Structure formats: C-alpha cells, structure tokens
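Take a look at the structure set out below.
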Protein chains: 2
Amino acid sequence: MALTLKAMAYFTTALRHGNIAKAAAELNIAASAIATAIDQVEAEFGLTLVTRQRARGIQANASGREVARKCARLLEEYRSLLAEGAALKQSLSGTLRVGYYAPIAPAFLPQILENCLLHGTDVTLELEECDNDQAQDGLLEGRYDAILFVTEDLRPALTYDTLLTAPPYCLLPATHPLAAHPSITMAQIAREPLVVLNRPVAASYYEGLFEPGARQAPVVAYANSTEMVRSLVAAGRGCAILNMRPLTSESYSGAKVVERPITDDLPPLTLAIGYDRSAPRRIVQVFADGCRRHFARTGRAQCIVPPAPR
Amino acid sequence: MALTLKAMAYFTTALRHGNIAKAAAELNIAASAIATAIDQVEAEFGLTLVTRQRARGIQANASGREVARKCARLLEEYRSLLAEGAALKQSLSGTLRVGYYAPIAPAFLPQILENCLLHGTDVTLELEECDNDQAQDGLLEGRYDAILFVTEDLRPALTYDTLLTAPPYCLLPATHPLAAHPSITMAQIAREPLVVLNRPVAASYYEGLFEPGARQAPVVAYANSTEMVRSLVAAGRGCAILNMRPLTSESYSGAKVVERPITDDLPPLTLAIGYDRSAPRRIVQVFADGCRRHFARTGRAQCIVPPAPR
DNA sequence: TAAACAAAATCGGACAAGCAGAGGTAGGCA
DNA sequence: TGCCTACCTCTGCTTGTCCGATTTTGTTTA
C-alpha cells in the first residue's frame, strides 16, 4: 500500500505536462512533492519510467506511459466512486426501507408517501410491518432507513423526531348507549366488556390505563390487529381503547363504530419517526420532513381523537 | 483525496468481520486505527454507513454495504494494477525496441535475437536503424529500450556495457595485389584509392586514422551503407577501412572481397549496448545479457578482424 | 441484581510522512 | 561564455497515522 492515490495523481499530472514545475503549479503544491511522487511510483514498480532531463523537463518512456494510463484509469474510478457515494447521499433514487409498528402507520403512511415521494422519482419502497421493538432494533442494525414507532421501551441510542402525541380514545359500536355521550370516563369503560389490541407494546399499555382492580367486566377478546379490534367492536362484542384513528369510521365488516374521547387524564402514546439524523441520505431526510409536515398540518386532526374539554 | 486506499482497506476488512477488533488482528494494527478509518469513510460520504454497538461489534447498513462493495472493487483493481506493473517488469512479453547504429549491428543482431528471445516468447521486436547520435538520444528520451552503438560522442548520462572493441581493418578486392599480404600498413593504404563509409561518426573516424598529409591517392567514393562500400570495393574501385565484419565475404554483387588486418596501432571502435541498467524490464535485461554473452563467446571472432602480430 | 465479560470510543504521545522553500546543479541557448 | 530553465537535494515544519492504555457501554452469566 506504499503507492498512494495521491502519488498516482501527482505522477500522472507530471507526465501529462512533461514538466514537474507546471504540474506543481496546477496542483498548487511544491515541485519537490511531485518529484517525490515520481520516485515513489518508480520505486513501487522497480522500473525507470521517466527520463529526467535538466532544463528540458521530464519524459515518460513506454513503460511510464503504460503505467500512467493504468494509474489514470484507477484515479478515474476513484473519482467515480466518490461521485457515486455523493449520489447515494443526494439522489432521491434508491430504496427507502421503512419499518413501522403495525397498529399506527397504515392510517397515514400512504398519504405521506404520496405527498413527498413518488412524484416521478425513482424510489423503491420497502415497507415492513413489525412490532415496536423489532422496528427499533432494525433501525439500529441498519435494516431500515427509518421507522415509525411509539416511544415506549425506547432504545437509548436511537435518534428520532416526535410526530404526534396521541391520547387514548374509546371505540364503541355506533349503536352502543355510551355512543350518545360526547365523551366517556374510564369508570364507564370499566363496566363494559373490553376488546384489547394484543400487540407487544399495546396490550400492557392499555391494561395499564385502568386503576388496579377497577375493571368490573371481562376482556372478551384479544386481537392482534387494529382492524380485527374494530370489527369486533363494530359487531357489538365490546368496546376498545385505541390511540390512532383510521381515516374511515367503517370497519371491514361494514358496521359503523364511533370514537369518543376519554375525560380521564391518561398518558398518551408518542408517535415518532426514528432515523439517522446526523447524516441521512437525502431520500430519508425528505421522507422524515414529509412526516413532520404531515402531522404539523392536517395529519394531526385526522389521526387522533382530541381529548374532551374537562 | 482525503479517502485513502488504506482507509478503504481497513473499512472493508472491518465490515467483513463485523468486528473492529478482529479486523485489527487480521491486519496486525491497533483497533483505533480501524475505527479512525471507518470514521474517515463515513465523513467522506457524509453518511452513516455502520452502526457501532458496543459489546456487539459493528454492522453495515445498506449504504455501508454498497460503499464497501465499491471500495472492494477499487482495491481489487489497485492490486491488479500493481500486479500488472510487476508483470511489466517481469514478463518476457511486450515490445523490445532496439535502436542501432546502422553500420555495426546487422552482422550479429539477428543471431543474438535468435538465441535469447523468440523461443516461443511473446515478444514484439521494433528494430530501428539510425545514426549513433540518434540512437543515444532516443534511449535517453525513452524511445528505445536498448541501443547498439559506438562510444564516440558519448552522452554523459547514458549507461552502457561494452561489448567489443573492434580495430579497423582493410577491405580489398580479392584480386588486388595487396590481398596477397597477410597484413597491411597504413602507408600502403595511403597509396590506394579509397572508398569511405559516409556516416556521421564513421567518416571522421576513418579520415582521422591517417596522418595529416599522408594520403597520396584520392577518395574515389563516399557511400553511406556498408554494403555499398563492400560492393564498390568488390568492383575494384578502391579499398576501404572498416571495423565490423559481416559473416560473409561475398558482396551483394557476388564479387569476392578480402579483409586484412592493419599493422599500425590505430584506435579501435568500441561497440556497446546502452540501456537502463538500474531498473530494466526483464526483457531488456535478457537482451542485454544475450548481447554480452554473444561477444564473450563466438561473436567476437566472427565480427572483427583480429589485429596482425607486429 | 450484581459481577464478569466483550467490544467500541477516547485520549495522549511517539513516530513517520508529506510538504514548502531555499539553494545547488546540469543542460540548453544566445 | 554567461544566462536561463528546470530538476535535484536538503532542512525544518506540519500533518497524519498508529499504538497502547483507559474509559464507556452493553451483554451475559451467576
């Protein structure tokens, strides 16, 4: 590794000029540096590559020209490597790999992607649904460029931007007596059969919202997808507590559900986007900005049920 | 040029191991050097390429693997560049460009080349006939790999090996009265019409062999090729003084000539091979060795007319 | 829960490499 | 013969690289 790229660059420049002094001027360095570089190249190959004639400059022999050509090619590829690296950072093309915590993202992710990408850009999306821990670990291990997750069991090394704090709300069948109230208390919910979203973070979060011993009716179902929860609720099996709201109030089964704020002072879930904030690829930055913009404007109102005034 | 080949090598090795310490062990350097190299690569591209997890090693993300692949390719080409350079020095293939002073080489050059090259080797020969000064300058300027020349008007910077010292001899028509003598004096030649080889070095050399005012018969012809001189002499136009002897005693015209040593103490011509002795390509070294061997053995007797005992 | 372990980050100092600038020298040219 | 050009050499300074020790952080095991 004695022969450095720098030496090659000096060498080829000197041969191109046939003159050490001119090459030094072009490169803005001292002539002695160039002379040294030429010596290094010759030493590396153990060949005489240039004839140095005082007062007449330098001249490459056939081997020297051969070597210079090869070096120039290598330098060219080096430059293109750097350029490709810059492109990797700059371009909107490439693959954007997003991991998202299953219950939170489907409500808004397509809309964001629609807004900030895909306008004729050459981006391949890889969207992967996973649990909150998997998302965080996947980001840390480089499997994802960005993750949408909630800040529970937060990994310390992870950098993220908060997008939204979503208070829990109560999901009821449209025909349920409580649906007539504009807002509901936890005490009321405690008397209703409950459908619980059974995901790693969610289940414990929702159970934890109740005072110990407060529950008076059973959990009638655990379901591990939001849509199943909504469908069960719509079918009248019970009510549920959720944080994120889909854009529709219909369930898959077609029956109507209603969302009602909860008056109790409950800890919200914090939705965040995690990504490498120090040196993101441009496409990642664009996506993260798009997410933030989305929730700064319309997104917030769409995705949460605002707490009731108390 | 901040990103050195060395840094790339460290970087790729570290990623290959997924572990800085192991990479350091493989490369026999300190781990901190590798950590620095990784930092350099990331800084160069302004991207996070590697996630470092204490107690778990390092892991490249997609961009990191991409960059590592590109770097590995560049390193591969660097190694092949070095290998090609070494081959340039080592191989017997390639082009051997020989410049030779016209009057001296044709007598023996084909035989040498036959002996030391061309045994199934992949060598292209470029033989260029020229004058003594052109040969020397061409070597210094890298146009020739080796030159066969005489050490008159010697360029100071030129390195060479002496092959042969060739005393002048007298060339006579076979029918000439002097041809009966085993050797001849300059005084005898001075009375004969003379044919002179008119080449830059030769003409003055031959004229200088005579004492000032000693010539009693005219120069009947100047000819600028050895063969023309021999033909003129064979035709009986006069006699000539030469140094190198062809392998045949017939001239192109078919008439016979004879060579006779000169008894006077005259300066010989020194035949030499000039080439870069400090770092020759292998093919050049082989050729030069072949020349020296040739004249150490049979070549000498074939090419000169030994001086007569006085 | 604590202790032991593993691996990366950090820091300071030693060493080497690269470079600038001055002075020297050989070759070309008028 | 003297001047000019352009390379070479040498010295000291600056920068970079590397090592080794220490610290920090995270994992695994008792």
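Naming: A, B, ... by sequence-line order, numbering from 1 per chain. This one's a predicted model, so the numbers in the text were calculated from it and none came from an experiment.
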Whole angstroms only, please: what is the [atom1]-[atom2] distance between [X] and [N]?
X	N	atom1	atom2	value
A:Gln40	D:dC8	CD	P	14 Å
A:Arg56	C:dT25	CZ	C1'	17 Å
B:Leu49	C:dA8	CG	P	17 Å
A:Ile38	D:dT9	CD1	P	12 Å
A:Ile34	C:dA17	CD1	P	20 Å
A:Ile29	C:dG21	CD1	P	12 Å
B:Lys22	C:dA6	NZ	C1'	10 Å
A:Ile58	C:dG28	CD1	P	16 Å

Ignoring the backbone of [X], work out which of [options] is nearest its side chain.
X	options	answer
B:Ile20	D:dT17, C:dA20, C:dA9	C:dA9
A:Ser32	D:dC10, C:dA9, D:dC7	D:dC10
A:Ala30	D:dT27, D:dC19, C:dG21	C:dG21
B:Arg54	C:dA8, C:dC19, D:dC18	C:dA8
A:Ala55	C:dG27, C:dA8, C:dC19	C:dG27

Assign each of A:Thr4 and B:Ala21 the nucleotide of DNA chain C bearing its closest heavy atom; nearer the 5' end lies the nucleotide of B:Ala21

5'-most by nearest nucleotide on DNA chain C - A:Gln53 or A:Lys6: A:Lys6

With the side chain counted from C-beta on, respond yes when B:Asn243 and B:Tyr206 share a heavy-atom pair under 4.5 Å apart, and no when they do not. yes

Here the pair of heavy atoms bringing B:Ala203 nearest to B:Val196 is CA-CG1, 4.3 Å

Contact class for A:Asn28 (heavy atom, under 4.0 Å): base, sugar-phosphate, or nothing? sugar-phosphate

I need the single residue from A:Leu49, A:Leu15, A:Asn19 that forms a side-chain contact (heavy atoms from CB on, under 4.5 Å) with A:Ile58. Which is it? A:Leu15

NZ or CZ of A:Arg215 within 45° of A:Phe210 ring axis and under 6.0 Å: yes

Testing the 3.5 Å rule here: is there a donor-acceptor pair between the side chains of B:Tyr100 and B:Glu128? no

Distance below 4.0 Å between B:Tyr10 side-chain N/O and D:dT17 OP1 or OP2: no

